[in-house]
Amino acid sequence: MPMASTRMYAAFTVLATVVFILVTLELLGLSWLNVGFPKPLPKLRLLQSVKIPNQKSTKIRQNLSIPNIIRTNLSRNVKPKGLSVTNIEPCNQEQVTCPNNTSIRVLNRGSLYHKGDVLTVRVVARDREGRPKTYGGDFFRARLVSSDRSLQASSAGHVTDHCNGTYTVQFPLYWVGGVLIKIQLVHPSEAVKVLQRVRKIPNKRVFHCSFVDENINATYTKQCFSSANPSLPPNQQCDFSKGEVNGTWVCERPEKLPCSAISKCRWAPGNSRTKTPSLVSNDEEKKLFQKPYLEAELEVGVKQPIRVLEAELPSHEQLPSCTWDKSSALGYWSAKVWRSSVCNVRVFAKEDVQRCLANKTLYMQGDSTLRQWSQRLQKVVPLYYNKTTMDSTALLGGDNNQWNISVRYRFHHFPVQGGAWIYFNDFSYTADVLDSIRGGPNTVVVLGLWAHFTAEPLDMIRSRMYAIRAAIHRLKRRSPNTQVFVRTGTTREHTRGRLEYYVLGSDWLAYQITEVIREVFRADPDVVVLETWDMSVCQPGKDRVHPDQTMVDSQLNRLLSHICPI
C-alpha cells in the first residue's frame, strides 16, 4: 500500500473511533462538553443600566430615571418542561453570597456633598470564604435615612448590577443634614435562580370550585387550574378560559353535571402550602431562604452620618404640575409625606379631594391593595353604598350626591388568592370591564394587578397586561379624554419566615411584575404608570402587602395630583 494511502487510512480510522465514542456517550445521556469540565458560571444580562457620574457633584434633573433595584435576567438553571425539581443540580453553598463578607465602600468619601448631588456606593459581593463573586444577580434593597429623627426622611437607592459581583448604588440627595446608608441583601443570586426556576412551574397553587346540582341540592368540589393542564384530558375538563383577554381557568369536570353548574371558587391554602417544599429541590436550596442569607443588613464601613450641605446653587423654581407625560416616581419621604422630585405632588385635604373628584366617576379594578384606595375614598369623600345604583359585581364603592362623585371597585378575575368561597360568575376580566366603560372627560380608570400573580409564571401577567393595554386603546379611541392609570407593586411582609412566603410571594417576584408593567406601558401616551415601588422600599412604616394609612394617603395624593394638577 502506498505511503499516502496508509496515512489516509490511519486518519480515517482515528476519526471513526472518535465519532463512535461521541455517539456512545450521547446515547448514555452524556455530552462530551460536560465530561471532565466544570460547568460555566451563569451569564447575567443587565436589562437596564445606569450611567455612573464621573464628576464629584451631579445635579438631579427632572427627567432623571434610575432603576431602584437590580434588573437582571438569569438565563441559566431554568427548569425544563417535564423535569423533576429533584433532578436539578444542587447549589454550592461555598459560592453563595455571604452578607458578612460583602463589603460596601463610599466613593469619593472625602468630597463635600450638597443637596441635589448623588452619593455613590460600591458593593463587592463575596462568598463565605471571602472570595469576590465573579457574577451578579444578587437582589438588594437600598435606602438612605436621615440621622436626625425629627426630619423622618428616607429615600430609595438605585442599584446597578455590573454582572461581575460588583454593584453600584446611587442615592440622590434630597435633604440637608446627616444621612445613613442602609443596604439589605434580600436574596443572594443563588436564591434568585431558584425563584426564577420555580416561577416557571405552572399550577403551583391549589384552587377548588364547587358545582351545584340543584335537582338534588348536592354540591361537588373539583380542582381548578390557573394555567393549562396537559395531564387533564379535554373530555374531563371544564375550560372557562377566554382567549381574547388571555385569561385561563380550567376545572376538572364533575360527573353528570354541565360546566355551567359552577358556583363558587376558592384558593386552598393548606393544600398549596403542602406542595411548596417539593418545589425546592433539596435542603441546600431551602437554606438559601433562611438566615444568614435572607434579608440580611450589610455592614456599612461608614459609621458616622454623611453630612449633606445646602445646594451650591439653590433653586427656587417650583416643580411643574403632574401632567400626562410626567412621572412622580422619584422622590423621598419627609415627615411621613411623600415628596416628588419631578412634579408637584400635592397634599390633599378632605375638601380638596371632594373638589378634585366632583362630577367624576372612578372605575377601579385590581387586587386588595387597590381596594384600600377605594376604602379610603369611602371615608374621606365620603361615599355611600346605594343598592339601586350599585351592581352586584361592584364589590366596593359608593356615591356622593352632594359632589356627584361615584366610585366603582371590582376585584380582578382569577387567580384570586383568598381563603373564602367567592362566586365565580361575579368576576369579570379587566379587559372586558374596560370595553364596557363609556368613558369621557369625567371618567377615571385606575388599575392595580400584581399581588395575586407573584406565584404564577411571569408570562401570565405579561399576556394579561397586553390584553388590558389593547382594551385601553379601544377605550381611548371611543373617548380620548378618559384618564387611565396603572399602579405598580410594593414590598410586603413575609410572615414568620415560612418558605412558601418567599417561594411564592417574595419581593423579587413582585418586583419582576413591576418591571413587566413598565415594559408593557413604557412610552404609552394613553396610560400613566403610578410608580409605588420606590415609595415602599423606603416607607416609614412596616413592610405590608396592605400598607398603613400614611402610605395609602400618599399613594392617593400621587393619583389625585395627576387628575387635578392645579
Side-chain angles (χ1 to χ4, degrees), residues 199-211 222-230 232 234 237-253 258-268 272 363-371 391-395 408-418 421-437 445-475 484 486-487 489 504 509 512-513 516-517 519-521 527:
R199 179 169 227 165
K200 289 179 177 291
I201 303 173
N203 299 319
K204 295 183 287 296
R205 293 178 293 178
V206 178
F207 297 94
H208 291 136
C209 286
S210 63
F211 293 78
K222 295 294 181 180
Q223 186 170 350
C224 298
F225 308 92
S226 54
S227 296
N229 185 2
L232 191 64
Q237 60 179 254
C238 289
D239 192 349
F240 300 100
S241 305
K242 191 168 185 179
E244 310 94 280
V245 297
N246 296 329
T248 302
W249 192 255
V250 179
C251 296
E252 296 175 344
R253 180 187 291 271
C259 294
S260 58
I262 189 171
S263 177
K264 300 177 182 179
C265 298
R266 71 185 287 266
W267 168 59
S272 299
Y363 292 95
M364 294 183 170
Q365 185 166 32
D367 53 41
S368 54
T369 63
L370 191 62
R371 182 180 63 200
D391 60 82
S392 62
T393 58
L395 302 181
R408 299 291 182 268
Y409 168 83
R410 288 181 174 87
F411 216 101
H412 63 68
H413 208 289
F414 290 89
V416 174
Q417 187 167 303
W421 288 96
I422 46 183
Y423 284 99
F424 178 76
N425 290 323
D426 278 353
F427 287 81
S428 300
Y429 286 103
T430 304
D432 288 338
V433 173
L434 290 169
D435 284 336
S436 69
I437 295 174
V445 176
V446 187
L447 307 177
L449 295 78
W450 66 274
H452 293 249
F453 292 89
T454 55
E456 301 292 344
L458 202 58
D459 283 344
M460 177 183 290
I461 187 66
R462 179 180 285 110
S463 61
R464 196 79 67 93
M465 282 295 170
Y466 274 113
I468 291 171
R469 181 175 182 265
I472 292 173
H473 289 177
R474 292 192 292 271
L475 170 61
V484 182
V486 179
R487 61 156 289 178
L504 303 181
L509 299 170
Q512 301 310 302
I513 293 177
V516 166
I517 294 172
E519 166 198 322
V520 173
F521 297 105
V527 177

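- Distance check: Lys222 NZ to His208 NE2 gives 10.0 Å after rounding to the nearest 0.5 Å.
- Here the closest heavy-atom approach between residue Trp249 and residue Cys224 is recorded as CZ2-CB, 3.7 Å.
- The OG atom of Ser428 sits 11.5 Å away from the CG atom of Asp435 when rounded to the nearest 0.5 Å.
- Separation of atoms CD1 (Ile201) and CG (Asn203) is listed at 11.0 Å; rounding is to 0.5 Å.
- Nearest heavy-atom pair across Gln237 and Asn229 is NE2-O, 4.3 Å.
- Checked against the 2.5 Å cut-off, the SG-SG distance between Cys251 and Cys209 does not fall under it.
- Of all non-hydrogen atoms in Leu449 and Met465, the two that sit nearest each other are O-CE, 3.7 Å.
- Between the CG atom in Asp459 and the CG atom in Asn246 there is a gap of 10.5 Å [rounded to 0.5 Å].
- In plain terms, the two heavy atoms of Leu434 and Ile472 that are nearest each other are CD1-CG1, 3.7 Å.
- Checked by atom type and distance alone, the side chain of Arg199 pairs as donor or acceptor with a backbone atom of Glu456 at under 3.5 Å.
- With rounding to the nearest 0.5 angstrom, the CZ atom of Arg205 is 9.5 Å from the OG atom of Ser227.
- The minimum heavy-atom distance linking Val250 with Asp239 is given by the pair CG2-OD1, 3.6 Å.
- Residues Pro415 and His452 form no side-chain contact, since every pair of their non-hydrogen atoms from C-beta on lies 4.5 Å or further apart.
- Between the Asp367 side chain and the His412 main chain, no donor and acceptor come within less than 3.5 Å of each other.
- Remark: Thr248 OG1 to Lys242 NZ distance equals 13.0 Å, nearest 0.5 Å.
- A side-chain donor-acceptor contact under 3.5 Å links Arg469 to the backbone of Val520.
- Partners of Tyr429 according to the ring-ring contact (aromatic ring centres under 6.0 Å, His included) rule, which considers only residues two or more places apart in sequence or in another chain, are His413.
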### Task
Determine, step by step, whether Leu370 and Arg487 satisfy the side chain to side chain contact (heavy atoms under 4.5 Å, CB included) criterion, reporting the C-alpha distance in whole Å, the side-chain angles of both residues, the deciding distance to 0.1 Å, and the verdict.
CA-CA 9 Å; Leu370 191 62; Arg487 61 156 289 178; 4.1 Å; yes
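- Closest non-hydrogen pair, Phe211 versus Cys238, comes out as CE2-SG, 4.3 Å.
- Tested against Phe414, the residues Phe207, Phe453, Phe427 include a single ring pair (Phe, Tyr, Trp, His ring centres under 6.0 Å) partner, Phe427.
- Side chain to side chain, Trp421 and Ser210 fail the donor-acceptor criterion of an N or O pair below 3.5 Å.
- For Phe240, the ring-ring contact (aromatic ring centres under 6.0 Å, His included) partners are Phe424, not counting sequence neighbours.
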### Message
side chain to side chain contact (heavy atoms under 4.5 Å, CB included) for Val433 and Tyr363? Distances and angles first, verdict last.
### Response
CA-CA 9 Å; Val433 173; Tyr363 292 95; 5.5 Å; no
### Derivation and outcome, side chain to side chain contact (heavy atoms under 4.5 Å, CB included), residues Gln417 and Leu504
CA-CA 11 Å; Gln417 187 167 303; Leu504 303 181; 6.0 Å; no
